[in-house]
Structures are given as structure tokens and as C-alpha cells.
Amino acid sequence: MPKSRIRKKADFTPPPEKKATSIDLRSGGGRRWVAPLMLAMFGIGLAWIVVFYVTDGSLPLDALGNWNIVVGFGFIATGFVVSTQWK
């Protein structure tokens, strides 16, 4: 029986190394306003709800009644919406 031919395999060449991209956290990509606004919305919403409960519903706006809770959660929801712009 004849001997099979031995095929020469190509030498292995490793793929080129990927260079790490640097991220400049200081500039914020022009969106430096996002984090402070997001935290402000969270804080205002939380403070609104806490003040409503602590004052037994007489503050921040007595005319709104229990809708003050909705206003507080509206501020918090706005904070979450703003947080989607954070890069």
C-alpha cells in the first residue's frame, strides 16, 4: 500500500493584538449635565414624598392632596429618563 503524502501545514501566525481604547471620563462627551440633573431629580422627588408624609399631607402643595405622591414619583421617573442619556 502506498504511503500518503504528508502535507505541510501553514505556520501559525497569531492575530494582531487589539489596542485598548482610552476613555476620557473628565470630558463626559459634552454631557456633564446628566449626572447632576439625574441626582437632583431623584433628590427632589424623594424630598417631595418625604415632606408630604412628614407633614401629614399639608405640604408641599395642600391643594394636590394625595397627588403629591404622583408628583414626587414623577420627579423620580424623570431622573430615570435623564439617566438614559448618561454615557
Q.
Could you list the cluster mates of Val50? Members are the ILVMFWY residues connected by side-chain heavy atoms closer than 4.5 Å, either directly or through other members.
A. Leu46, Val54
Q. Remaining members of Phe12's ILVMFWY cluster at a side-chain heavy-atom cut-off under 4.5 Å?
A. none
Q.
Can you confirm whether Met38 sits close enough to Trp86 that some side-chain heavy atom of one is under 4.5 Å from a side-chain heavy atom of the other?
A. yes
**Q.** ring-ring contact (aromatic ring centres under 6.0 Å, His included) partners of residues 49-68, not counting sequence neighbours, each pair once
**A.** none
(Q) If we ignore hydrogens and angles and just use 3.5 Å, is the side chain of Trp48 paired with the main-chain N or O of Val71 as donor and acceptor? (A) no
Q | Partner residues of Ile76 under the side-chain contact (heavy atoms from CB on, under 4.5 Å) criterion, sequence neighbours left out | A | Phe42, Ile49, Phe73, Phe80
Q.
Hydrophobic clustering (ILVMFWY, side-chain heavy atoms < 4.5 Å, transitive) - are Ile44 and Leu61 grouped together?
A. yes
**Q.** Heavy-atom closest contact (Thr84 atom, Val81 atom, distance)
**A.** OG1-O, 2.6 Å
Q | Joint hydrophobic cluster, Met41 plus Trp33, side-chain heavy atoms closer than 4.5 Å | A | yes
Q: Quick one: list whatever passes side-chain contact (heavy atoms from CB on, under 4.5 Å) with Val51, sequence neighbours left out.
A: Thr55, Leu59, Pro60
